[in-house]
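Here is the structure we will look at, set down as structure tokens.
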Amino acid sequence: MTEYLPLATLLRLLAVLVLVWSPHVVRLPVWESVFILGLIGWRGLAAYKQWRMPPTWIKLLITLLAAGGVMASYGRVSGQHAGTALLCIMGALKLLEFKGRRDVMVMLFLMYFMQITHFLFSQEIWTIAYLLVCVVATTTLLVECQHRGALPLRVSLRSGGAMVLQALPLMLLLFVLFPRLPGPLWGLPADAGATARTGLSDRMAPGDIASLIESEEVAFRVEFFGAVPPQTARYWRGPVFDHFDGRTWEEGFPQLRTQAPPAVQPLDGPIRYALTLEPHRSRWLLALDMPAPTALPRDAFLGREAQLLTAKPVNERRRYELTSYLDYRLGARLTERERARYLRLPRDSNPRTQALAAQWRTRGADDAAVVRTALQMFRDEPFVYTLRPPTLGANGVDQFLFETRRGFCEHYSSAFTVLMRAAGIPARVVTGYQGGQPNGIGDYYVVRQSDAHAWSEVWLEERGWVRIDPTAAVAPSRIEQSIAAAIPAAEGLPGYLSARTQLRFYLEARWDWLNAQWNGLVLAYGPELQREFLGRFGLADLRSMILALTFGGTALLALMGLFTLRRFLPAHSEDAPLRHWRRMTRRLARAGFPQRPDEGPLDYAARVAAVRPEWAGRLQAVARAYVGSRYLENAPVDELARAVRRFRTT
């Protein structure tokens, strides 16, 4: 092994393996990270000390224990997380059986494949930059391992970097022209993208949304085409819940979500915008309340709760354009079955809340008056908007309304919706986001996890579904300004908000703008954006894309081939003296007297003349004419040309 792979090269291979593997450390079990690092260190020490490799039975035992450890940690050996863990540990175990060139090549290609797995977890700019360094380092090793001696690092690094640079044009061509089909070309692991989410869930319980306020991750970015709605009107509609079990809200009968939505009647002008949504692995899309049913993305539709849905889960970043109305009438009619669904409450749950709602109704108040009474209660009584509400028991709404009176938006929307149902008013809970901050650099708004929000909708005769936000009655600054303005000073802001200085805000805005460009131009380059872009060049259909890709790829590969082969072709110079001189040296080479690389023209002529004195006069004439025309200013070239024509070796 040491004859094929020198110690210096092996140590470089181990260093590059650590470089490639390092980002997975935070994703792997602690025992596996420690084991891989220890194995890499042992392999380097074994090479330095010239230790023997362990016998086959020990390697087999370690391999079985490693696979068993992955199975014990994940419950399987396939999928995004378990498969990546298995690849990393098996790649490290490959170090125990280096026997020749084949094993080294397998190790290098495993390192390439390991780099691909990073894209299952992150596709951010820093990931691309880091992996580009890894690719150059691995390709440098690939070059170095083709030699039986350790090359100088600068030589192999220059060759590896040149190979990667030559591949970039082909990569760009494939990225732009390769047809983007709707969906992946192969089946991704079942848990692919599990770490990516917007933060919202398919259910809501006390404390769920409050926990999102601690995160500064971006939920989506939005660009308005025209006037920007005010802060108080920017309600981003997400999952809608109609079933309540006494504590948790969720969607009842989700299999019926594709039923026809209630009619939407716009009462004002449209607002157009483009939204870039982060992946969340669910089927719902976010939209400014209320999206127009006639201007939806190609694979989207409005469900029975006027919730924007897609045919497949959103597993990758997605950009889409929408039209919405801020003033609208939704669901002017309600069937008896629908009314019963939106009035349903668990039997014998929250009796004090139900008694309070019944008391309001016995006063002869109509539905609108009951809504006003509930909001007035939240305004006048000592309710507190807080990120740290106390834990609630079985009858959580009763405890919240009559005892603790401390809660976040999900507490208020849940309690208000229960009050409305107990009073005989159809109601449901809507979750999503509220507000959003302008970037300051780019012409777009950023909505973060901390903007997650919950509100209620009630159905009123002749008005349909009406949005009611009880949080605005308790903490109006949350809706009019931001979450930071609504949190009491005594509680303290989440860490990322309290640490935000003017300089940090300035840097964050610029970094987010860079990410937005990356997301919009690269990560969101799907079928729709590809058709739109290539349509400008007459390549919108699949046949045109394939033809352009074929001809472009062929031309590019031909140019790259010529560039690579140019070193093997005879060198031609536009310099006339050099062209004449080389014509004569080729004649001498055919006669058995090639010019050595370290030999000047006069020395070359003298050496040949010593062997063939009959050529001496003509050789010296050619050599003097070449030196004069080549290195002296204004020296004639015609004399050299005549001297070369007169010279004969026969």
Side-chain angles (χ1 to χ4, degrees), residues 198 200 219-240 257-278 283-311 314 317-333 428 430-439 442-447 451 453 455-460 462-469 472 479-480 516 519-520 524 526-529 531-532 535:
T198 62
L200 296 179
F220 61 92
R221 299 175 177 87
V222 60
E223 176 186 358
F224 290 98
F225 305 133
V228 178
Q231 170 87 7
T232 55
R234 293 201 294 270
Y235 282 83
W236 305 97
R237 191 181 188 90
V240 182
R257 62 168 53 169
T258 57
Q259 288 183 345
V264 179
Q265 179 184 354
L267 301 178
D268 65 353
I271 293 179
R272 293 184 58 250
Y273 56 97
L275 193 147
T276 303
L277 179 65
E278 297 295 311
R283 290 181 53 194
W284 43 264
L285 299 176
L286 291 164
L288 189 64
D289 203 5
M290 170 65 60
T294 56
L296 301 178
R298 180 170 303 180
D299 61 338
F301 60 93
L302 283 181
R304 65 173 183 174
E305 313 287 355
Q307 176 183 345
L308 189 59
L309 301 168
T310 61
V314 182
R317 187 174 285 104
R318 173 168 180 170
R319 186 180 189 274
Y320 52 93
E321 295 185 7
L322 285 173
T323 299
S324 292
Y325 300 100
L326 300 183
D327 192 9
Y328 56 88
R329 181 178 290 114
L330 175 66
R333 298 180 59 184
R428 60 194 182 193
V430 184
T431 58
Y433 294 85
Q434 200 283 325
Q437 298 298 317
N439 174 260
D443 189 18
Y444 66 93
Y445 283 69
V446 181
V447 180
D451 296 312
H453 194 51
W455 59 94
S456 301
E457 281 185 338
V458 298
W459 190 85
L460 302 177
E462 297 183 356
R463 295 181 60 186
W465 289 103
V466 179
R467 180 176 65 235
I468 305 293
D469 190 352
I479 309 303
E480 297 170 359
N519 295 341
E528 296 181 5
L529 190 59
R531 282 192 296 268
E532 178 184 345

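Worth saying up front: this structure is predicted, and the values here are computed from it rather than measured.
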Evaluation steps, side chain to side chain contact (heavy atoms under 4.5 Å, CB included), between Leu322 and Leu296 | CA-CA 6 Å; Leu322 285 173; Leu296 301 178; 4.0 Å; yes
Nearest-0.5 Å distance, CD of residue Gln265 to CG of residue Asp327 = 10.0 Å
Measure from the side-chain N and O atoms of Thr276 to the backbone N and O of Phe220, and report whether any donor-acceptor pair falls under 3.5 Å.
-> no
Side chain Thr431, main chain Gly238, donor-acceptor under 3.5 Å | no
Whether Arg234 side chain and Gln434 backbone form a donor-acceptor pair below 3.5 Å = no
Indicate yes or no: does Glu223 engage Arg319 in a salt bridge with an N to O separation below 4.0 Å.
-> yes
Assign the ring pair His453 / Tyr235 to parallel, tilted or perpendicular, where the plane angle (0 to 90°) is split at 30° and 60°.
-> tilted
Minimum heavy-atom distance Tyr325-Gly269, with the two atoms named = CD2-O, 3.8 Å
Side chain to side chain contact (heavy atoms under 4.5 Å, CB included) between Leu308 and Arg237: does it pass, once the steps are laid out?
-> CA-CA 8 Å; Leu308 189 59; Arg237 191 181 188 90; over 6 Å; no
Between Trp459 and Ala332, the two heavy atoms sitting closest are CZ2-O, 3.4 Å
Quick one: closest heavy-atom pair of Trp465 and Glu457, and the distance?
-> CZ3-O, 3.5 Å
Any chance CG of Asp268 has more than 12 other-residue heavy atoms, nucleotides or ligands included, within less than 6.0 Å?
-> yes
Gly435 and Val447 have their tightest heavy-atom pair at O-CG2, 3.9 Å
Calculate, to the nearest 0.5 Å, the distance between atoms CZ and CD belonging to Arg283 and Gln307 respectively.
-> 9.5 Å
Approximate separation, where rounding is to 0.5 Å, of Leu286 CG and Leu200 CG = 6.5 Å
Roughly how far, to the nearest 0.5 Å, is the CG atom of Leu285 from the CG atom of Asp299?
-> 7.5 Å
Please test Asn439 against Arg221 for side chain to side chain contact (heavy atoms under 4.5 Å, CB included), starting from the C-alpha separation and ending with a verdict.
-> CA-CA 9 Å; Asn439 174 260; Arg221 299 175 177 87; over 6 Å; no
Give the minimum heavy-atom separation between Leu288 and Ser324, together with the two atoms involved.
-> O-OG, 2.8 Å
Hey, is the main chain of Ala295 close enough, under 3.5 Å, to the side chain of Thr323 for a donor-acceptor pair?
-> no
Side chain to side chain contact (heavy atoms under 4.5 Å, CB included) between Val240 and Trp284, worked out = CA-CA 10 Å; Val240 182; Trp284 43 264; over 6 Å; no
Trp236 side chain vs Asp451 backbone, donor-acceptor pair below 3.5 Å = no
Is any side-chain heavy atom of Arg467 closer than 4.5 Å to a side-chain heavy atom of Val430?
-> no
Heavy-atom closest contact (Pro229 atom, Ile271 atom, distance) | CG-CD1, 3.6 Å
Hey, can you tell me if Tyr273 and Phe224 have their rings parallel, tilted or perpendicular (30° and 60° cut-offs)?
-> tilted
